[in-house]
Q: 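Sharing a structure, written as structure tokens. Questions coming.
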Amino acid sequence: MTMLEDRSTTNAKLNSKVPAGALADKWDTFKANAKLVNPNNKRKFKVIVVGTGLAGASAAATLAELGYQVDAFTFHDSARRAHSIAAQGGINAAKNYQGDGDSVSRLFTDTIKGGDFRSREGNVYRLAQVSVNIIDQMVAQGVPFAREYGGLLDNRSFGGAQVSRTFYARGQTGQQLLLGAYQQLSRQIGLGGVRLFNRCELVDVVVIDGRAAGIVTRDLLTGQVTSHAAHAVVLATGGYGNVYFLSTNAMNCNVTAAWRAHRRGAYFANPCFTQIHPTCIPQADETQSKLTLMSESLRNDGRVWVPKNADETRPAHQIPEEDRDYYLERLYPSYGNLAPRDISSRAAKRLVDRGQGVGPLKNGVYLDFSAAINRLGRNVVEERYGNLFEMYERIAGENPYQVPMRIYPATHYTMGGLWVDYELQTTIPGLYAAGEANFSDHGANRLGASALMQGLADGYFVLPYTISNGLAPLLNKSVPGTDHPEFKRVEAEARDRYQAYINVKGTRSPDYFHRELGKIIWDYCGMERDRNGLEKAISEIPALYDEFKKDLRVTGTGEGVNQTLEKAGRVDDFFQLGMLMCKDALTREESAGGHFRVEYQTAEGEAQRDDENYCHVAAWEWTGDANNATRHEEQLSFETLQLATRSYK
Amino acid sequence: MSHVLKNLTVKVWRQDGPTAKGNFETHVIDSITDEASFLEMLDVLNERLIADGKEAVVFDHDCREGICGTCSLMINGQAHGPQRATTTCQLHMRSFKSNDTIVIEPWRAGAFPIVKDLMVDRSAFDRIVESGGYITSPTGGAPDANLIPVPKPVADASMDSAACIGCGACVAACPNGAANLFVGAKIAHLNLLPQGQAERFKRAEAMVDTMDEHFGSCTNHGECSAACPKEISLDVIALMNKDYRSAKFKNRKELSRN
């Protein structure tokens, strides 16, 4: 506990505002007591929604349906392109359509347990409650979920659960859900309820008298920097997995919106809680720009194995059963190949580190479908995973119907994010964070098929209630407009920042620095962390960051499209976030979920939590220096569930 | 397994802005592994341009998994390049060989003005969806998801159409710059489902009319479907036309009587 000096006691800003009462009644209690805005008054309020993924599009559409004026922002050319679209496997909901013992409380329990007891009970219970409404909503909107022959909805099972509660649309569930939300948003755009600003990036958040007053954006087509004022601002801008450079995130995913909010006073919670997804295609060469995930749903029917012998040279099909190690089935018999993501990922890493990896670079493990093809027939396997198999073949150049897939863990999702209370409000009043951009529901590890659920829960069923509650007291009160000097000041700062990147005129591109930063973070703050490595990272990152400031080269100008300049701004923010991540990982002296500290493990090599000292959320306050943030704590209490060691054996 | 390609000549379209005059710029890639994706080859080119103090080639891209529909390149005259059912981002250099010349252009269509270099403006697609490409179902009022069974073949056919990623390859491949495959896919996705019936004809009419404001006319070449990375069938165009025609004489007060 040597880092105690920068741990302060619970901070007054960190009031979770979870309603009192029994867990199952909290959300109803909140809704019953929330302040409302009369339908005729709603049009007097303007809400800014940044990001048009599942959380952003669903929030913008719903708020506009209610009658608020909504301005929505996306840096994509179209709202439909947000990275929610790439989610493959499915969306969880406690419908219990299969009659296999599911319920709201079981989904709640699985999520808390999966998150290794580092999430907030009240938020998670609400998530499980509204999960059932999401499916109803999306079906009504025309999402073509998979069906049984009788016409009813089909389900599959997913890692970390013993019931089948995952709804899916082939391997394109994220795409279909996003199209549903995008269509609903498009309807509002057509009706004039939402104004959409596309190819427009948030570059700062404006706070006046302690309250979010609006945002400053940069038009990616013209370079123009503009202010936008509103009564409330929602950031639904996704996660920060691209800090690793190589991740399964889309190329343009970035932390800028959340980070700029952090710098204006929003606390950043648990940045070290990042998720490594066990089933990605291993890196093939040095030009690699991103990693591709193969849906975790593949683990329903695929068997994971490596050769028992590190010197194995035979192709997979020639290796007899007795020379194969189906290590997940061996180590975790009750969950087998469906063991949670963090557990499966570390198991793969250990074997690859031991030299038992497969493929030309020995950097993967096999995911083998031959047993499933024998049992179910090729047609059934094709029906379930056809498009995933095709995608694999396109990338890896091998046919998975004939040879086992090769997979390896990669950064996929970030559980950490902006600290929010029960109302999804950050520590800046009037500023909300939804979806992956906030920290609230997944604790130290997210279960498969729960990201889509959380994005839509926040946007459809939580924010519309909590934002009304926040706006009602502002009725007929004037709020600052974009002519306020603070907007002008922040605008000028943003212009200067982007001009400064151009003015460095050094020798290295933003991508060069991003790649180098990513290597440090992956090596020292990736799948496994330890004190030495983290301290090393904390000293190496500022040195590289200094070099970035002195030797960056951005060609072209600040007017018109300049993707190199966009990238420079995003890499700048990744540097600052990277320092905070490592510091957070260093000060959390326990292992929990995706945060695995080598020093804190059981004799069997499993994560060892320290509930006495770390059963809390670490929420970081910006102090003006990225390497010197202040750590605050929100204590977590578990009233319903008993703190227990996760066991998937 | 991996193999190195040598001496690739890349002719890439450069254009400063929507009204500027464009031209091809020629670069030679000395060597690149065939494990690299096509866009990674462009990344390598851009790194070199920046190192030489020149502006990087602008191109749209994001997920690099073939699902977001952002990437949009005409490669040797083919939308998304030579590999069937594959987006530009999923195309790998193993589809090419040493000493090849590769010509890279933006989508070329009247409704997709060039923004810069290889980036085009596809927002006409969004205008079509905004005009009717949705089921009106405000948040909160939905009945239980299993209340209306959807026969599996219906759900599957709807899903086949819904697989469209909105990339615009169909328009780029069409000699008329028509968007019928895109709009047909959008209409078929919703018009096949029981949930989409209430607005079926209104939707077809509104979307087709908006399409006609922006895009050329279909003359049944079929290039669109051949270029489609998601292999959307021409059948969706027939379905769209059928519903559009019906929309013109259907008495909507009798919709519930079939």
Q: Flag the one option from A:Arg394, A:Met138, A:Glu65, A:Arg199 with the top tally of heavy-atom pairs under 4.5 Å to chain B.
A: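 Looking at each option in turn, the highest pair count goes to A:Arg394.
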
Q: Can a donor-acceptor pair be found between the side chains of A:Thr292 and B:Arg64 at a distance below 3.5 Å?
A: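 Absent: no donor and acceptor within the cut-off.
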
Q: Looking only at the side chains, is there a donor atom on one of A:Gln184 and B:Thr139 sitting less than 3.5 Å from an acceptor on the other?
A: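 On atom types as modelled, these side chains qualify, holding a pair under 3.5 Å.
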
Q: Out of curiosity, A:Ile85 CD1 to B:Ile165 CD1, how far, rounded to the nearest 0.5 Å?
A: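 A:Ile85 CD1 to B:Ile165 CD1: 8.0 Å, rounded to 0.5 Å.
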
Q: For side chain to side chain contact (heavy atoms under 4.5 Å, CB included), just list the numbers for B:Arg122 and A:Ser78, CA-CA rounded to whole Å, side-chain angles, deciding distance to a tenth of an Å, and then say yes or no.
A: CA-CA 8 Å; B:Arg122 287 167 285 189; A:Ser78 165; over 6 Å; no

Q: Please determine if A:Arg147 and B:Asp156 form a salt bridge, counting it only when a charged side-chain N lies under 4.0 Å from a carboxylate O.
A: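 Salt bridge flag = no for B:Asp156 with A:Arg147.
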
Q: Given a strict heavy-atom distance threshold of 4.5 Å, which part of A:Phe145 is in contact with chain B: side chain, backbone, both, or neither?
A: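 Just the backbone, heavy atoms under 4.5 Å.
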
Q: Please classify the contact between A:Leu152 and chain B as side chain, backbone, both or neither, with a heavy-atom cut-off of under 4.5 Å.
A: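 Answer is both: backbone and side chain atoms of A:Leu152 are under 4.5 Å from chain B.
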
Q: Measuring from B:Asp121:CG to A:Asp77:CG, what's the distance to the nearest 0.5 Å?
A: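 Rounded to the nearest 0.5 Å, the CG-CG separation comes out at 7.5 Å.
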
Q: Would you mind telling me which of A:Glu286, A:Gln176, A:Met391, A:Lys505 has the largest number of heavy-atom pairs within less than 4.5 Å of chain B?
A: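 Highest number of heavy-atom pairs under 4.5 Å: A:Gln176.
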
Q: Under a 3.5 Å distance rule, please check whether A:Gln563 uses its side chain to pair with a backbone N or O of B:Phe59 as donor and acceptor.
A: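 Yes, because the side chain of A:Gln563 sits within donor-acceptor range (under 3.5 Å) of the backbone of B:Phe59.
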
Q: A:Thr555 and B:Glu55: side-chain donor and acceptor closer than 3.5 Å?
A: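 Their side chains do not contain a donor-acceptor pair, so the 3.5 Å distance test is not met.
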
Q: In terms of side-chain geometry, is the basic nitrogen of B:Asp160 or A:Arg170 positioned less than 4.0 Å from the acidic oxygen of its partner?
A: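 The answer is yes: the pair qualifies as a salt bridge.
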
Q: Just checking, is any N or O donor in the side chain of A:His83 or B:Asp62 under 3.5 Å from an acceptor N or O on the other one?
A: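 On atom types as modelled, these side chains do not qualify, holding no pair under 3.5 Å.
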
Q: By a 4.5 Å heavy-atom criterion (distance strictly below it), what part of B:Val58 contacts chain A: side chain, backbone, both, or neither?
A: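 Both parts, heavy atoms under 4.5 Å.
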
Q: Between A:Gln88 and chain B, with a heavy-atom cut-off of 4.5 Å, which part of the residue counts as in contact: side chain, backbone, both or neither?
A: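 Only the side chain of A:Gln88 comes within 4.5 Å of chain B.
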
Q: I'd like to know if A:Lys567 and B:Glu47 make a salt bridge, using a cut-off of under 4.0 Å between side-chain N and carboxylate O.
A: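 Judged by the 4.0 Å cut-off on N to carboxylate O distance, A:Lys567 and B:Glu47 do not form a salt bridge.
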
Q: Could you look at A:Leu361 and say if it's the side chain, the backbone, both or neither that has a heavy atom under 4.5 Å from chain B?
A: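 Neither part.
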
Q: So what's closer than 4.5 Å to chain B heavy atoms on A:Gln172: side chain, backbone, both or neither?
A: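 For A:Gln172, side-chain heavy atoms alone lie under 4.5 Å from chain B.
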
Q: Taking A:Lys290 first and then B:Asp43, would you say they form a salt bridge - that is, a charged N and a carboxylate O separated by under 4.0 Å?
A: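 Between B:Asp43 and A:Lys290 there is no salt bridge, as every charged N stays at least 4.0 Å from the carboxylate O atoms.
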
Q: Where does A:Gln137 contact chain B at under 4.5 Å (heavy atoms): side chain, backbone, both or neither?
A: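 A:Gln137 touches chain B through backbone and side-chain heavy atoms alike.
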
Q: Sort out for me which of A:Ala93, A:Ser186, A:Ala79 touches chain B most, counting heavy-atom pairs under 4.5 Å.
A: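 Of the candidates given, the most pairs with chain B belong to A:Ser186.
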
Q: Checking heavy atoms, do the side chain of A:Leu221, its backbone, both or neither come under 4.5 Å from chain B?
A: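 Answer is side chain: those atoms of A:Leu221 sit under 4.5 Å from chain B.
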
Q: Considering only heavy atoms, which portion of A:Asn133 lies under 4.5 Å from any heavy atom of chain B: side chain, backbone, both, or neither?
A: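 Interface part for A:Asn133: neither.
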
